[in-house]
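Note on naming: letters A, B, ... go to the chains in the order of the sequence lines (proteins, then strands), and numbering restarts at 1 for each one. Heavy atoms only: backbone and side chains are in, while hydrogens, waters and symmetry mates are out.
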2 protein chains.
Amino acid sequence: MVRARSEERRADILRAALEVIAERGYRGATLGSVAERVGLTQQGLLHYYPTKEALLVAVLEERDRWDTSGGRDREGWRLDLMESLVEYNAMRPGIVQTFSALLGESVTDGHPAREFFTERYTQVRASMADTLRQEFGDRLPGGLTPERAAPLVTAVMDGLQYQWLLDPSAVDMPGAFRDFVRLLYGSDAPA
Amino acid sequence: MVRARSEERRADILRAALEVIAERGYRGATLGSVAERVGLTQQGLLHYYPTKEALLVAVLEERDRWDTSGGRDREGWRLDLMESLVEYNAMRPGIVQTFSALLGESVTDGHPAREFFTERYTQVRASMADTLRQEFGDRLPGGLTPERAAPLVTAVMDGLQYQWLLDPSAVDMPGAFRDFVRLLYGSDAPA
DNA sequence: CGTCACCTACCGATCTACAGGTAGGTGGGT
DNA sequence: ACCCACCTACCTGTAGATCGGTAGGTGACG
């Protein structure tokens, strides 16, 4: 059962890293503070993840696994699932904060998460377009194509997160997202 | 003309700070690298802005002056001006990158720009709601109120910026924003 | 006219504080 | 006996900030 213990440690470390990144971003995060949170020394942590960047990569990979399993389908998301995803996010400000902070940093030059987010967006847009095509066909009610609407859906989700993180009481994130989806359906909308 | 020289220096420093923050974010930016860009030592820079945070504040204040002058009206923006603003931004990736990086960092705990962005969004949403009310009255074509649509417009602008910064060739930012505005007008849209 | 007081705009040296990473252990479990 | 999971000790680099200058200018006054 040593293997199990080790895997457990790794999971703990990733959880702690997620928290620390949420609080201070990747650049602001220190190995020491992550280690402390799992009851290790900084060097003990380096035993599991040999560099700070390796730890970040592990965090991103876990995220990747997460979004490739739940919430998503082989052929993409479904629109009603997107709404639940936003609701789910609204209950997990920590995770949202982690990835919003990372996204923000990632636009800077040579940031280790930059490639991750770039590729992720490419995929997300593509699968979003699929989703929209399944839902609406080649033309959405407003006259847009799925490919042109996809970046908008994505943008709304991300943009709302920042507003919500900064001032949760000022923005009803899930409600606002539903409003946007209704907009996609046009004025001739369903319930 | 000593005064003028000094003011010029300060302006140069702010320009340099903007660049460095775009490249590395606030946390990643160093006083030394800003100083170097204006031909000063770090200590020389501290003569003008006594702390790193003071420099950031100056950058944010300048931004504030900028937003409060151009692009905006006493009673808020106008929708067509918003479209031009997005076009303008698309020609200035540096500035967009600076403020996107700062926004991302600002969601972390105790970040010196947090309050700035929180308040800024409050104002932006309010003046956006005014704009929408002037344009559409109390109900937008899709059935939304101006207050509920305002966060969406803001979210789209910000969200598109991240996608565009990460992969400019993948997203036509101004085009996508126009698509969104058309969505606001409903399927019964004008040209 | 000179010089004394004082200001602005810096620079060099240095302090303190971490931060990430390396080397070389030690101890318990199998 | 071995190795996995750590730890102690340590090194190196860097960042922000302070201290104490210096060079040049300005103005007031005898």
What pair of heavy atoms forms the shortest contact from Arg27(B) to Glu105(B), and how long is it? N-OE1, 3.0 Å
Leu46(B) side chain: which of dT22(C), dA17(D), dC10(C) is closest? dA17(D)
Would Tyr26(B) and His111(B) count as a close aromatic pair, with their ring centres under 6.0 Å? yes
Starting at atom NZ of Lys52(B), determine the distance to atom C1' of dT18(D), rounded to an integer number of angstrom. 18 Å
When rounded to whole Å, the CZ to C1' distance for the pair Arg27(A) and dT14(D) reads 15 Å
Using only atom types and a distance under 3.5 Å, with no angle test, would you say the side chain of Ser106(B) pairs donor to acceptor with the backbone of Leu103(B)? yes
Which class fits the ring pair Trp66(A) and Tyr88(A): parallel under 30°, tilted 30 to 60°, perpendicular over 60°? parallel
Cation-pi, Tyr49(A) ring and Arg10(A) (6.0 angstrom, 45 degrees): yes
Under 30°, 30 to 60°, or over 60°: which ring-plane class applies to Tyr162(A) and Tyr162(B), parallel, tilted or perpendicular? parallel
Quick one: Tyr49(B) OH to dT18(D) P, roughly how many Å, whole number? 18 Å
Which whole-number value in Å describes the distance from Gln42(B) CD to dT18(D) P? 11 Å
Starting at OH of Tyr48(B) and ending at C1' of dC11(C), how long is that distance when rounded to a whole Å? 13 Å
OP1 or OP2 of dC4(D) less than 4.0 angstrom from a side-chain nitrogen or oxygen of Ser6(A), does that happen here? no
Contact class for Leu31(A) (heavy atom, under 4.0 Å): base, sugar-phosphate, or nothing? sugar-phosphate
Categorize Leu40(A) for me: base, sugar-phosphate, or nothing, with a 4.0 angstrom heavy-atom threshold over every strand shown. sugar-phosphate
Do side-chain atoms of Glu23(B) reach the backbone of Thr108(A) as a donor and acceptor pair under 3.5 angstrom? no
Separation of dC7(D) P from Leu45(A) CG (nearest whole Å): 10 Å
Whole-Å distance, His47(B) NE2 to dG12(C) C1', equals 16 Å
Gap between atoms CD and P, on Glu36(A) and dG20(C) respectively (whole Å): 13 Å
Pick base, sugar-phosphate or nothing for Ala29(A), based on heavy-atom distances below 4.0 Å to the nucleic acid. sugar-phosphate
Nearest to the side chain of Thr51(A), which nucleotide is it out of dA15(D), dC6(D), dG21(C)? dG21(C)
Grab the N/O contacts between the protein and nucleotides 8-12 of chain D below 3.5 Å, and write none if there aren't any.
unit_1: dA9(D); atom_1: N6; unit_2: Gln43(A); atom_2: NE2; d: 2.8

Using a cut-off of 4.0 Å on non-hydrogen atoms, how would the nucleic acid contact of Ala54(A) be classed: base, sugar-phosphate, or nothing? nothing
